[in-house]
Engineer: 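Below is the structure I would like to discuss, written out as structure tokens.
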Amino acid sequence: MLTSPSLLSADFGRLNDDIDMLNDSDADYLHLDIMDGVFVPNISFGFPVLKYVAKRSKKPLDAHLMIVEPQKFVNEVKNLGCEYMTVHQEACVHLDRVVNSIKEAGMKAGVALNPATPVDTLRHCIGSIDMVLVMSVNPGFGGQKFIPYTIEKVRMLREMIDKAGAGTIIEVDGGVNLETGAALAQAGADMLVAGSFVFSAQCPQAQISALKHL
């Protein structure tokens, strides 16, 4: 299982230490939750902070833009050196165009789905999407409870991807722990985002390793 700890749950008073901890962990990616206070009811961090994070991180970056008009920031995300740029289906009027612009910039294109958004909305473009991020909480805040019907959404999405012969991976974000992570792995998820589960633990690196071995 791939793991992508979310920086949103880090202690920003000791950001250097938390990034260094992740650098020395089994994490595969560093997940960046970028919020604008419009698409979601919260504001996280902007590009000046992210430039510093990108410079210090030794892990590839997995950027999740929970913002309106994410297409305006393709170049900024590219300049951070992100491997993945994920935008919300609900925020993109012309999703196909946005996905293509991300890939043309040299990044892998991810598309996130809010809990109530059906996976079938991606059926026609799944072959051009590198990753689908299934939100298992309503986006905007960390520490929320996992929404149970996410398991069925992941199963349906895995079936859609396999039927299309696509190489799309499935990432899940929200309320991830060892119990929900195991269920998601069985349903077909490829990568788990974890925030509170990692950063609130006495030994965050052990939590990351436990998720990775699901």
Side-chain angles (χ1 to χ4, degrees), residues 1-40 42-88 91-92 98-112 129-133 135 139-142 169-174 176 190-201 204-205 207-209 211-212:
M1 177 66 68
L2 296 171
T3 61
S4 189
S6 172
L7 195 68
L8 187 66
S9 295
D11 182 347
F12 280 78
R14 52 191 300 272
L15 188 58
N16 284 350
D17 293 339
D18 279 353
I19 295 175
D20 290 344
M21 177 274 293
L22 294 175
N23 286 339
D24 294 333
S25 75
D26 289 333
D28 298 284
Y29 291 89
L30 175 54
H31 191 81
L32 306 175
D33 287 303
I34 304 170
M35 306 178 186
D36 62 359
V38 179
F39 182 72
V40 293
N42 196 12
I43 296 173
S44 55
F45 26 67
F47 287 99
V49 172
L50 293 175
K51 287 178 182 177
Y52 172 79
V53 172
K55 184 177 180 179
R56 192 168 186 94
S57 177
K58 296 178 182 177
K59 301 292 183 179
L61 303 177
D62 167 26
H64 175 197
L65 278 67
M66 289 171 270
I67 67 174
V68 297
E69 299 183 312
Q71 67 275 8
K72 293 183 177 180
F73 298 95
V74 171
N75 287 334
E76 283 84 352
V77 176
K78 174 187 176 181
N79 290 338
L80 292 175
C82 293
E83 181 173 333
Y84 282 98
M85 177 176 173
T86 297
V87 300
H88 268 262
C92 297
V98 177
V99 166
N100 288 332
S101 68
I102 293 170
K103 298 180 79 166
E104 288 167 3
M107 295 179 287
K108 295 177 182 177
V111 175
I129 298 171
D130 297 296
M131 178 172 72
V132 176
L133 169 53
M135 293 301 301
F141 299 94
I169 70 169
I170 300 173
E171 182 178 48
V172 183
D173 182 2
V176 169
D190 302 290
M191 175 153 45
L192 299 176
V193 177
S196 302
F197 177 71
V198 168
F199 288 99
S200 65
Q205 291 180 335
Q207 299 290 71
I208 294 169
S209 294
L211 286 175
K212 187 168 180 62

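Just so you know, these numbers use all the heavy atoms, side chains as well, and skip hydrogens, waters and symmetry mates.
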Engineer: Under 3.5 Å, side-chain donor or acceptor atoms of residues 69-81 against the rest of the protein: list the pairs with distances, not counting sequence neighbours.
Structural biologist:
from	atom 1	to	atom 2	distance (Å)
E69	OE1	K72	NZ	2.8
N79	ND2	N75	O	3.2

Engineer: So, taking the atom named CG in L15 and the one named CG in L7, what distance separates them when rounded to the nearest 0.5 Å?
Structural biologist: 5.5 Å

Engineer: Going from CE on M1 to CG on D190, what distance comes out if it is rounded to the nearest 0.5 angstrom?
Structural biologist: 7.0 Å

Engineer: Listing request: all salt bridge (Lys or Arg N to Asp or Glu O under 4.0 Å) pairs with a residue in residues 49-65, at least two apart in sequence or in separate chains.
Structural biologist: D20-R56

Engineer: Under a 4.5 Å cut-off applied to non-hydrogen side-chain atoms, are D173 and S6 in contact?
Structural biologist: no

Engineer: Rounded at 0.5 Å granularity, tell me how far CD1 in I170 sits from CE in M191.
Structural biologist: 11.0 Å

Engineer: Taking all non-hydrogen atoms of both residues into account, name the closest pair between M21 and Q205 and its distance.
Structural biologist: O-NE2, 3.0 Å

Engineer: Within the distance-only criterion (no hydrogens, no angle test), does the side chain of S57 pair as donor or acceptor with the backbone N or O of V53 below 3.5 angstrom?
Structural biologist: no

Engineer: Classify the ring geometry between H64 and H88 as parallel (under 30°), tilted (30 to 60°) or perpendicular (over 60°).
Structural biologist: parallel

Engineer: Are the side chains of L65 and D36 in contact, using a 4.5 Å heavy-atom criterion?
Structural biologist: no

Engineer: Tell me, do V111 and V99 make a side-chain contact under 4.5 Å, heavy atoms counted?
Structural biologist: yes

Engineer: Looking at every non-hydrogen atom in both residues, tell me the closest pair between P139 and V40 and how far apart they are.
Structural biologist: O-CG1, 3.6 Å

Engineer: Check whether any side-chain heavy atom of S4 lies under 4.5 Å from a side-chain heavy atom of D28, and answer yes or no.
Structural biologist: no

Engineer: Can you pull out every ring-ring contact (aromatic ring centres under 6.0 Å, His included) where at least one residue sits in residues 5-29? Sequence neighbours excluded, please.
Structural biologist: F12-F45, Y29-Y84

Engineer: Heavy atoms only: give me the nearest S44-L8 pair and the separation to one decimal.
Structural biologist: CB-CD1, 3.8 Å

Engineer: How long is the span from the CD1 atom in I19 to the CG atom in L22, to the nearest 0.5 Å?
Structural biologist: 7.5 Å

Engineer: Taking all atoms of both residues into account, what is the closest heavy-atom pair of A112 and T86, and its distance?
Structural biologist: N-CG2, 3.7 Å

Engineer: Enter the distance from I34:CD1 to I43:CD1 here, rounded to the nearest 0.5 Å.
Structural biologist: 13.5 Å

Engineer: Which heavy-atom pair separates A109 from I129 by the least distance, and what is that distance?
Structural biologist: O-CG2, 3.7 Å

Engineer: Can you tell me how far CG of L192 sits from CZ of F197, rounded to the nearest 0.5 angstrom?
Structural biologist: 10.0 Å

Engineer: Taking D26 for the side chain and S209 for the main chain, is one N or O donor matched with an acceptor at less than 3.5 Å?
Structural biologist: no

Engineer: Does any part of the side chain of K103, heavy atoms only, come nearer than 4.5 Å to the side chain of D130, both counted from C-beta?
Structural biologist: yes

